Structures are given as structure tokens and as C-alpha cells.
Number of protein chains: 2
Amino acid sequence: MEETDRAILSALADDGRQSYTDLAEKVGLSVSAVHQRVRRLEQRGVIRGYAARLDHEALGLPLTAFVAIRPIDPSQPDDAPERLADLPEIEACYSVAGDDFYLLLVRVASPADLERLLQEIRKAANVATRTTVVLSTPYEGRPPQIR
Amino acid sequence: MEETDRAILSALADDGRQSYTDLAEKVGLSVSAVHQRVRRLEQRGVIRGYAARLDHEALGLPLTAFVAIRPIDPSQPDDAPERLADLPEIEACYSVAGDDFYLLLVRVASPADLERLLQEIRKAANVATRTTVVLSTPYEGRPPQIR
DNA sequence: AATGAAATTCTCAAATC
DNA sequence: GATTTGAGAATTTCATT
């Protein structure tokens with residue numbers, strides 16, 4: 001990874017909607033050179049896309065939790081991620097080493113909604129759940145180390 | 001939250017860099033009406049910003065882990081998040097209910113780097129760590145439920 | 001990687017519903 | 001109060017050097 005590309009990626013991680021004009025000034029290249037580099041980073045898959053960063057609280061989803069899940073019957077096929085994929089409260093699903101099989105990151109409006117979601121998760125994937133409620137989020141979504 | 005705003009937020013969560021022209025077509029309004037709504041959503045803090053979604057593997061950070069931390073000495077002031085804030089491998093820090101105090105999401109290049117990072121975390125914040133390695137990520141960063 | 005030019009988009013005013 | 005129209009400014013995009 002080259003110096004200029006790193007600068008471009010850092011700038012776009014911080015503000016994904018800034019103009020190529022601004023980007024060009026920051027990295028010290030012409031607009032078209034920056035444009036070409038961004039195109040290449042997109043095509044190489046280093047940049048996977050762009051997303052608005054939305055405020056969960058403002059969207060009415062102030063409650064975040066981690067839900068560790070484990071199959072009730074470990075002999076059954078393990079297709080929990082697919083079975084849970086259309087529950088929109090689930091932001092992420094990680095397959096993990098250790099006692100549990102998957103770790104889910106979920107966002108809900110209230111404890112009542114969390115209770116309902118946990119029931120849905122257990123039913124949909126035939127799993128036991130262990131939930132860790134998030135009390136506050138000192139920081140989240142920080143840009144990855146670019147080197 | 002109004003129907004049109006929800007459509008705008010969904011579209012921008014999916015592609016944060018699309019033009020107002022495209023957005024306007026999707027939500028069935030004029031370009032300037034969409035522009036004004038987006039401005040308002042930004043000012044209200046519903047849209048907190050825009051970010052490029054970067055590929056950790058392409059950036060040379062193929063190893064993800066969750067690190068639960070707990071103070072060695074619970075009588076000391078609890079300022080772990082600030083003490084850990086300048087470790088760039090830490091993408092997120094959640095304060096959680098339960099046995100642990102904080103849950104960190106970290107990205108590193110290798111098991112050796114994870115080992116080094118854990119030592120740094122323990123030293124910087126005077127904490128014990130319990131680490132859960134992520135084996136794969138069925139999905140991550142899905143858009144929040146917008147209603 | 002830079003230049004230059006055409007096509008598109010952004011931005012903001014005033015007018016309209 | 002929200003949306004549309006219209007026009008000038010800025011940006012994106014691409015061919016050429």
C-alpha cells in the first residue's frame with residue numbers, strides 16, 4: 001500500500017462524501033489522479049462502498065446488545081446465520097471460537113423489544129442465547145489502521 | 001419519521017455517495033427537495049456523517065477479535081476507554097453489563113500482533129483480558145432498522 | 001500523473017402549491 | 001411548511017498529452 005493511497009483511504013474513512021477536489025488537495029495530487037486512484041481502490045475491493053453513518057438513538061434504537069448463541073442440538077446442521085439473516089435488528093453476526101458459536105450485535109428500541117427479539121432468535125435458529133447489554137459506547141466504528 | 005425520510009436514509013445507508021439526482025429518482029421527489037431533507041437529517045443528527053467501507057483483509061488486517069476487559073484493581077478510577085483510545089487496532093469500545101466492564105472490537109494482522117496488542121491493553125489500562133477470536137463474519141455493518 | 005473540456009451535479013435563490 | 005423551478009457554480013468524468 002502506497003503512501004498516497006493510505007492518505008486517500010484515511011480521508012475517505014473519515015468523510016466518504018468529500019469531493020475529489022478536496023481529496024486532491026489533501027493528498028497533493030491533481031483531481032483526475034485522485035479520481036483514478038479511488039477507482040482503482042474500489043475495483044481492487046479495498047473500498048467496498050460508502051455508507052451514511054446513522055445515529056441509532058435518533059432512529060429510536062437506543063438499546064444495543066451482544067447476543068452469544070449456541071445450538072440446542074449440536075448434531076443439527078449449523079445454518080444459524082442464514083436463519084437469522086432477515087431479522088433486521090441484527091446488525092452483525094460473527095462466527096467465534098470459544099464456548100459459543102456465534103456472536104450477534106443487535107439494536108432495539110426497548111428491553112421489551114430485546115425480549116421479543118431473543119425469543120425470535122431462539123425459535124428461528126433453535127439456539128440458546130446469552131445476552132450482554134451495552135450500557136454506553138465510548139467509541140465505535142473507528143477507522144481501521146491503514147498501513 | 002416520515003416515509004420519504006426513511007427511504008432517503010435507507011438509500012444512503014446502502015450507498016452514501018450516490019448523487020442527489022439518483023436519490024431524488026428513488027424517493028420520487030425533486031433534487032432540491034431531497035437535498036433539503038438530507039440537510040435537515042444531517043442537522044438533526046440522524047445522519048452523523050459518511051464513511052468509506054474498507055475491506056479489512058485487503059488492508060492486511062484479516063484477524064478480528066473481541067476483547068473483554070476487567071480492571072485488576074476495581075478501586076482505581078475507571079478510565080480504560082480513554083487510556084485505550086490511541087490504540088488504532090481498537091475499532092470499538094462498549095461499556096457492558098455483566099461480568100466484564102468493557103468489550104473491545106479489535107482488528108490485527110496476525111496472532112502475533114494480537115498477542116502484542118493484548119499486552120498493550122493490559123499494560124495501558126491495568127486490566128485483565130478475555131479474548132474471543134472471530135473465525136468468520138457471515139455479515140457485519142448491516143443498515144439499522146429504519147421506521 | 002496532469003491538462004483541458006464537456007457532461008453532470010450541486011447549491012441556493014425565488015416562486016408555487 | 002414543503003416542494004418545484006431555474007440558473008450559476010462546482011464537480012465529475014474522460015480523452016489526450
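None of these values were measured; they are calculated from a predicted model. Residue numbers begin at 1 in each chain, while the letters A, B, ... track the order of the sequences.
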Distances under 3.5 Å between protein N/O atoms and the N/O atoms of nucleotides 3-6 of chain C, please, pair by pair.
| residue | atom | partner | partner atom | Å |
| --- | --- | --- | --- | --- |
| dT3(C) | O4 | Ser32(A) | OG | 3.0 |

Can you sort out the partners of [X] under side-chain hydrogen bond (donor to acceptor under 3.5 Å, both in side chains), two or more places apart, ordered by chain and number?
{"X": "Asp86(B)", "result": "none"}
{"X": "Arg48(B)", "result": "none"}
{"X": "Arg37(A)", "result": "Glu2(A), Asp5(A)"}
{"X": "Glu42(B)", "result": "Arg39(B), Tyr50(B)"}

Rounded distance (Å) that lies between atom C1' of dC10(C) and atom CD of Gln18(A) =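 To the nearest whole Å, that distance equals 16 Å.
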Taking only residues two or more places apart in sequence, or in another chain, which ones meet Arg122(A) in a salt bridge (Lys or Arg N to Asp or Glu O under 4.0 Å)?
->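 For Arg122(A) there are no salt bridge (Lys or Arg N to Asp or Glu O under 4.0 Å) partners, ignoring immediate neighbours.
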Please identify each residue that fulfils salt bridge (Lys or Arg N to Asp or Glu O under 4.0 Å) with Arg83(A), with sequence neighbours left out.
->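 Partners of Arg83(A) by the salt bridge (Lys or Arg N to Asp or Glu O under 4.0 Å) criterion, ordered by chain and then number, come out as Asp79(A).
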Listing time: all N or O pairs from protein to nucleotides 7-9 of chain C that are below 3.5 Å?
none

Solution key, residues 62-73 of chain A side-chain donor-acceptor pairs under 3.5 Å, sequence neighbours excluded:
| residue | atom | partner | partner atom | Å |
| --- | --- | --- | --- | --- |
| Thr64(A) | OG1 | Arg107(A) | NH1 | 2.8 |
| Asp73(A) | OD1 | Ser75(A) | N | 2.9 |
| Asp73(A) | OD1 | Ser75(A) | OG | 2.7 |
| Asp73(A) | OD2 | Ser75(A) | OG | 3.3 |

Output every pair passing salt bridge (Lys or Arg N to Asp or Glu O under 4.0 Å) with a member in residues 12-22 of chain B, not counting sequence neighbours, ordered by first then second residue.
->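 Qualifying pairs, neighbours excluded: none.
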Using Watson-Crick or G-U wobble pairs with both distances under 3.5 Å, give me DNA chain C in dot-bracket, 5' to 3', with [ ] for crossers and | for pairs to another strand.
-> |||||||||||||||||
Boundaries of the DNA chain D segment in contact with chain A, non-hydrogen, under 4.0 Å |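 Taking any atom under 4.0 Å from a heavy atom of chain A, the span is dT11(D) to dC14(D).
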Can you find a pair of side-chain heavy atoms, one from Val31(B) and one from Val34(B), that are under 4.5 Å apart?
->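 A side-chain contact is absent here, since even the closest heavy-atom pair is not under 4.5 Å.
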Shortest non-hydrogen contact from Pro81(B) to Tyr139(A)?
->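 Smallest heavy-atom distance, with atoms named: O-OH, 2.9 Å.
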Any idea which heavy atoms bring Asp55(B) and Gly45(A) closest together, and the distance?
->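 Closest approach of Asp55(B) to Gly45(A), heavy atoms only: CB-O, 3.2 Å.
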Does Glu3(A) pair with Arg6(A) as a salt bridge, N-O distance under 4.0 Å?
->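 Salt bridge: yes.
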